[in-house]
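Encoded as structure tokens, the structure appears first; notes follow it.
Numbers restart at 1 for each chain; the letters A, B, ... are given by sequence-line order, proteins then strands.
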Number of protein chains: 2
Amino acid sequence: MSKKKYTIADIAAMAGISKGTVDRVIHKRGKVSKKAHEKITRILKEIDYQPNLVARNLKKNKTYTLYVLLPDPAKDPYWAPCLEGITAASDEFQAFGVMIDTAFFDPSSIKSFNSKCRQVLKNKPDGVVFVPLFYQEALAFAGDCERNDITLATFNSYLQEGQASSFIGQDLHQSGRIAGKLLHQLLGGDRKMAVIHVDEAFQNAIHMQEKEKGFRDYYGGLNDGSEVVTHTLPHKDIRNAGKSMQHFFKAHPDVSGLFVTTSKGYLLEGALPGTHAHIPVVGYDLITQNIDALKSGTLDFLIHQNPRQQAYLGVSYLSEYFAFDKQIPDRKLLPIDIINSENYIHYLQ
Amino acid sequence: MSKKKYTIADIAAMAGISKGTVDRVIHKRGKVSKKAHEKITRILKEIDYQPNLVARNLKKNKTYTLYVLLPDPAKDPYWAPCLEGITAASDEFQAFGVMIDTAFFDPSSIKSFNSKCRQVLKNKPDGVVFVPLFYQEALAFAGDCERNDITLATFNSYLQEGQASSFIGQDLHQSGRIAGKLLHQLLGGDRKMAVIHVDEAFQNAIHMQEKEKGFRDYYGGLNDGSEVVTHTLPHKDIRNAGKSMQHFFKAHPDVSGLFVTTSKGYLLEGALPGTHAHIPVVGYDLITQNIDALKSGTLDFLIHQNPRQQAYLGVSYLSEYFAFDKQIPDRKLLPIDIINSENYIHYLQ
DNA sequence: CAACAAAGTGTGGTCGATAACATTTTTTTC
DNA sequence: GAAAAAAATGTTATCGACCACACTTTGTTG
């Protein structure tokens, strides 16, 4: 597994050529005769030369600045774990000259997002990790970054891959399928299921739709007479939730399982009519209210989107790209963790 | 978040003293007047000096050797993912002068383990990552390592923490509870459950017992008349499994859920009598046979012990310890992943 | 108060990669 | 074939931490 390490000086000696020329070959800086070029290339291949990243790094001695742009955790606790991920990555790469700044935008305000984008651009960072919550605006920002030679990584929401841009997140369609499977496991087949959309923010619409599609895809594949209906809660106000759900169950008394496509599952606590008080529910995200609902039995399973890890990886990818010339994966899909009241603890923090 | 970086030369200039003296203070090498010592200490604290790890590393320019000692994946496929984890860590830290060798022992042979231990010691590595499958022998080996100033990390099985030794694994008791919760979710309360131990290897006994305890702990806490019985399959031979299970169900026809405490859950495929063919089963580990059983419906849930990540972290911890003077955590408990037929794919590889 | 020991301090080479600059070799031009 | 231009190659300082060694200051002894 291990093998001898060669330095540029070693290679130069082997080739009977100065290390300056070796370096020129390695970095394709030209001004090398093809005779020398061939000789050195052959040796490099032969010994599978791996440059000493430590030395390279020291010589470069550049500090890189990264900006992380994400929704304000104070406005939506879903984002709070991201801070830990960012801090962890920051601690790890600080010693390698990567400096990380953070900016929060209001997830309900495009204006706030645009303003923070301008702030980030003004600081001319080497890389930006951000959550493209608002599609059009995010696209524009990505364009700005590209024009300014800023390397990008996005997480949580899909924007686009390619060039200087990477995506870290989850397969939402599949996570909908998983919710379907879980309810199927709990209830058996030939049932009527409901997809409940609870969110006031339009920018989550695509997420919710993808999840619903996956869910319906799973139940469609069963071909056992199962049925899926959809209900959208107009407001996240808890009193409205109760009324709305009672209304819904009057129209669909035979629904025997719920899939809540957002992190608002906890709103069902006390909002379900007595007839359906103990109906199985699958929801999303390990926010404290949901964990309480998991413990109390209102929610049966949560699907964990691992925001901490998403942010951590986004920062890590860019840091390693700048510090160690590592390639950034175009797309990284995280595992879709299934959480119940007994295993949630390991996914916190 | 980011802050200015100071070098030893900076500090020396600030204190009006040469960098040699600054270095002596930093490393407590003595031979410094208390006047100079105070002055430098104050400045160090003031600016929160963080040495440039890159430069430090380059100067040291030492290559560290690690040995990973684990059961042969050819004898038990459970261990195969560890190799990927080791390779990933190896690729990552090779550039920082960490070389990794691997040795396999036969998980059914203490002699093989001892022989490999001797081989490892003969190579005098700086650190060893190993699976302490055989408790007494592992303890002896750990002692040998300590005497030879070899830093240790263990994974999968618990040995002991402290001094130069770290443990990476899972909370087995809790994973038993999780299995209990899953079956409870699938079946509801007031049921009779069975713990099935399927393994020929005595060294897994402690693992199996811990899981059973957790499982019983969960069902005991329900206080709803639930009952748990235990059944041990003497051999892993599939024909015996069928006979043994038929026997078992004759004695306990009212058992409505199974918890298999090892990775041998797939052996139940076709081994359950018609009366109990579709009884819910929770098992362990993402080996291919189990995934097939998950797809076919013989198994409902698997608990993932993440051997890949365990090995990866073991190697990473030691590598970072040697390369970057990072502290090794005494104990790292990994999340206990719940797997069904829809989300297993993300946990492979 | 020499002479010497001990304590404190400063200097410069090293790790390996990098690139600016200096030097040598080859090619082109009249 | 000599001068000039172009191409190829060699040399060396640098990044920051580290430490052996050289050096200077202080303290001690006869």
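The distance from atom CG of A:D23 to atom P of D:dT14 is 18 Å, rounded to the nearest whole Å. Taking atom NZ of residue B:K62 and atom C1' of nucleotide C:dG16, one finds them 18 Å apart after rounding to whole Å. B:N57 places its CG atom 13 Å from the P atom of C:dA17, with the value rounded to the nearest Å. Distance CG (A:D10) to C1' (C:dC15): 13 Å, rounded to an integer number of Å.
In the set C:dG13, C:dC21, C:dG16, C:dC21 carries the atom at the smallest distance from any side-chain atom of A:R24. Across C:dG16, D:dA17, C:dG10, the shortest atom-to-atom separation from the side chain of B:I8 is found for D:dA17. Ranking C:dG10, C:dA17, D:dA17 by closeness to the B:S18 side chain, first place goes to C:dG10. Of the candidates C:dT18, D:dC18, C:dG16, C:dG16 carries the atom nearest the A:N52 side chain, counting heavy atoms from C-beta on. Listed nucleotides: D:dT9, C:dC15, D:dC19. Nearest to the side chain of A:T21: D:dT9.
Taking 3.5 Å as the limit, the base of D:dT11 and the side chain of A:K19 contain no donor-acceptor pair of atoms between them.
Within 4.0 Å of A:L53, counting heavy atoms only, lies no atom of the nucleic acid at all.
Proximity of A:Y49 to the phosphate of C:dG16: no side-chain N or O atom is located under 4.0 Å from OP1 or OP2. Note on B:N61: a side-chain N or O is less than 4.0 Å away from OP1 or OP2 of C:dG16. Regarding contacts with the backbone of D:dG16, every side-chain N or O of B:R56 stays at 4.0 angstrom or more from both OP1 and OP2. Within the 4.0 Å cut-off from OP1 or OP2 of D:dA7, not a single side-chain nitrogen or oxygen of A:S33 is found. A sub-4.0 Å separation between OP1 or OP2 of C:dA17 and a side-chain N or O of A:Y6 is absent.
In summary, of the residues considered (A:I26, A:V22, A:T21), a side chain to side chain contact (heavy atoms under 4.5 Å, CB included) with A:R24 occurs for A:T21 alone.
Across the interface with DNA chain D, nearest-nucleotide mapping of B:G20 and B:V54 shows B:V54 to be the residue nearer the 5′ end. In terms of position on DNA chain C, the residue among B:G30 and B:L58 whose nearest nucleotide sits closer to the 5' end is B:G30.
Relative orientation of the A:F105 and A:F134 rings is tilted, given thresholds of 30° and 60° on the angle between their planes.
Using a 4.0 Å cut-off between charged nitrogen and carboxylate oxygen, B:K116 and B:D106 do not count as a salt-bridge pair.
Taking the six-membered ring for Trp and the full ring otherwise, the centers of B:F324 and A:F96 sit less than 6.0 Å from each other.
In this structure, CZ in B:F141 is found 12.5 Å from CD in B:E146, a value given to the nearest 0.5 Å.
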